[in-house]
There are 2 protein chains.
Amino acid sequence: MAKVEFNIACTLCEHLKDSLFTGLNPEDLSRINNHKTCIQYKKGQNIFYEGTRPTGLYCMNGGKVKVYKNNVQGKEFIIYIAKPGDFLGYRALLSEEFYQATATVLEDAKICFIPKESFFEVLQKNPVFMKRVVQAVCHEMGIMEEKLAELAHKSVRERLAANLLMLKETYGMEGEGSFLIDLALSREDLASIVGTATETVIRLLSEFKSEGLISFEGKKIRVLEPKKLAKQADLIVA
Amino acid sequence: MAKVEFNIACTLCEHLKDSLFTGLNPEDLSRINNHKTCIQYKKGQNIFYEGTRPTGLYCMNGGKVKVYKNNVQGKEFIIYIAKPGDFLGYRALLSEEFYQATATVLEDAKICFIPKESFFEVLQKNPVFMKRVVQAVCHEMGIMEEKLAELAHKSVRERLAANLLMLKETYGMEGEGSFLIDLALSREDLASIVGTATETVIRLLSEFKSEGLISFEGKKIRVLEPKKLAKQADLIVA
DNA sequence: ATATTATTCTGACAAAAGTCATCTTTTTCG
DNA sequence: CGAAAAAGATGACTTTTGTCAGAATAATAT
């Protein structure tokens with residue numbers, strides 16, 4: 001598959017305000033802008049692979065990407081779903097290690113690649129930016145700690161409910177008092193987010209549906225009762 | 001319980017070489033040193049609590065501390081066990097959030113407290129130090145990602161084996177071709193590390209013991225067959 | 001449009017792990 | 001030291017969840 005390039009100035013990027021580059025001074029932003037390469041990816045294409053060495057940073061301009069690990073039995077665990085404005089692959093870049101995860105396009109994406117050197121240059125010249133990056137990384141880490149504890153002690157039902165609510169927070173589009181999760185996720189992907197088997201997700205989703213908590217809209221899920229779903233996520237109904 | 005202070009110059013700290021402060025220039029190190037407060041804690045005492053605001057950084061000079069989250073049902077999940085040389089509570093400090101976990105002393109500890117201001121001053125003045133901190137945080141994050149995937153798809157038996165090996169790497173003392181895990185962990189704590197019930201840990205440990213993989217030495221565990229344990233953990237044996 | 005493939009769904013069953021109860025052994029502390 | 005509390009151990013039982021097999025539906029490609 002040939003790589004399709006596109007170009008958009010960072011200053012004109014509609015997702016600049018959502019990204020860590022926001023507030024960067026014009027000089028630094030133009031340094032990033034002048035060295036970046038922007039590529040359009042189709043669903044199913046890979047951005048980077050576990051075990052390879054990062055050579056730069058990816059910045060999402062459009063689409064959705066899943067970042068996941070594969071275990072020995074080939075089972076996927078999705079660590080993160082990136083949306084426009086998000087950085088991709090910064091963890092391994094900053095720790096100077098190999099990628100520990102693979103990134104694959106879920107919905108056709110536009111992604112800009114910023115070479116390591118340019119990114120590090122701005123990072124080192126600009127303490128305010130550096131601080132913002134550190135803050136973001138540490139925030140992410142807090143989310144991971146939360147997920148760890150959740151995975152350790154919550155049932156699959158609770159985790160599914162919690163994850164649907166998280167997806168609603170990030171990808172939810174409000175309408176008629178409910179929220180459509182604007183993400184074309186397969187049941188398999190959802191299982192890889194929750195950390196369970198596909199069949200279990202299917203069964204629980206239809207339970208939630210028959211309980212009136214969610215509904216299906218094509219491949220997407222609509223959250224009808226966030227509060228009731230939250231109750232499912234927090235409590236063990238004994 | 002009265003707080004017992006102690007004092008030791010950072011330059012003379014035997015764990016300096018293991019800590020992120022290693023290689024710091026004398027000026028910066030003395031800034032840290034001049035503002036720190038060092039306290040001795042007894043087993044069971046708390047260093048900080050989930051939900052409170054960090055006011056500085058803790059640097060371990062002796063002992064062992066568990067960092068954990070409590071869930072709704074009161075079940076603990078241990079995120080990290082800190083040893084001399086480790087920083088404690090830097091995540092929340094750097095992300096400027098509340099603590100998301102509680103820190104409790106496992107083995108009598110000596111811990112130095114560095115006020116937020118002093119730490120941030122050195123961090124901002126010293127880009128090399130900043131880079132080292134970022135690198136460490138991102139490395140930690142990689143470990144968490146690993147743990148997440150493990151928790152999601154491995155059995156309790158595999159996770160227990162993997163965690164025993166990890167503890168062996170960090171706290172193992174070699175002798176007679178085997179490794180004593182130098183950590184007085186209760187079965188309950190071990191269960192909180194693995195993310196399972198205490199009874200399950202007890203049963204699996206005695207299985208491992210009868211299979212000749214480990215032995216008990218007082219409250220401590222000796223790893224007799226790391227390679228066989230690695231096979232149990234479904235890890236690639238190097 | 002139709003064949004092919006992938007995804008979703010359902011049922012039956014087995015295995016893993018949690019819970020509860022009880023007992024024994026250690027540890028702690030007055 | 002000895003009583004009380006905590007930790008460790010074991011058995012019986014239940015619940016949850018994973019696995020396998022097969023059918024129905026949807027998506028994709030030729």
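In what follows, every chain begins at residue 1, and chains take the letters A, B, ... in the order their sequences are listed.
- At D:dA9, one or more side-chain N or O atoms of B:R187 fall inside 4.0 Å of OP1 or OP2 (strictly under the cut-off).
- Atom pair B:L205:CG and D:dT10:C1' shows a separation of 14 Å (rounding to whole Å applied).
- Here A:E211 does not pair with A:K228 in a salt bridge; the nearest charged N to carboxylate O distance is not below 4.0 Å.
- Between B:Y68 and B:F77, a ring centre-to-centre spacing not shorter than 6.0 Å is recorded.
- Spacing between atom CG of B:L204 and atom P of D:dG8 amounts to 15 Å, rounded to whole angstrom units.
- OP1 and OP2 of C:dT25 both lie 4.0 Å or more from every side-chain N or O belonging to B:K219.
- Atom P of nucleotide C:dT25 and atom CD of B:E188 are separated by 21 Å, given to the nearest angstrom.
- The stretch residues 194-203 of chain B touches DNA chain C through B:T196, B:A197, B:E199, B:T200, B:R203, each having a heavy atom under 4.0 angstrom from the strand.
- Considering only the side chain of A:S155, D:dT17 comes nearest among D:dT17, D:dT10, D:dA9.
- For B:E140 and B:R91, the salt-bridge test fails: no basic side-chain N is under 4.0 Å from an acidic carboxylate O.
- Note: CG (B:L190) to P (D:dA7) measures 14 Å, nearest angstrom.
- For A:K43 and A:D108, the salt-bridge test fails: no basic side-chain N is under 4.0 Å from an acidic carboxylate O.
- The CZ atom of B:F216 sits 16 Å away from the P atom of C:dT25 (whole-angstrom rounding).
- In B:Y49, the OH atom is not crowded: 12 or fewer heavy atoms of neighbouring residues, nucleotides or ligands sit closer than 6.0 Å.
- Position along DNA chain C of the nearest nucleotide to A:S186 versus B:V156 favours A:S186 as the more 5'-ward residue.
- Protein atom CZ of B:R159 is 7 Å distant from nucleotide atom P of C:dA17, rounded to whole Å.
- When rounded to the nearest whole Å, the span between CD of B:E76 and C1' of D:dA7 equals 14 Å.
- Around atom NZ of A:K227, no more than 12 heavy atoms belonging to other residues, nucleotides or ligands sit under 6.0 Å away.
- The distance between atom CG of A:L185 and atom P of C:dA6, rounded to the nearest whole Å, is 20 Å.
- Residue-environment remark: NZ (A:K220) exceeds the threshold of 12 foreign heavy atoms within 6.0 Å.
- Between B:K42 and the phosphate of C:dT28, there is no side-chain N or O to OP1/OP2 separation shorter than 4.0 Å.
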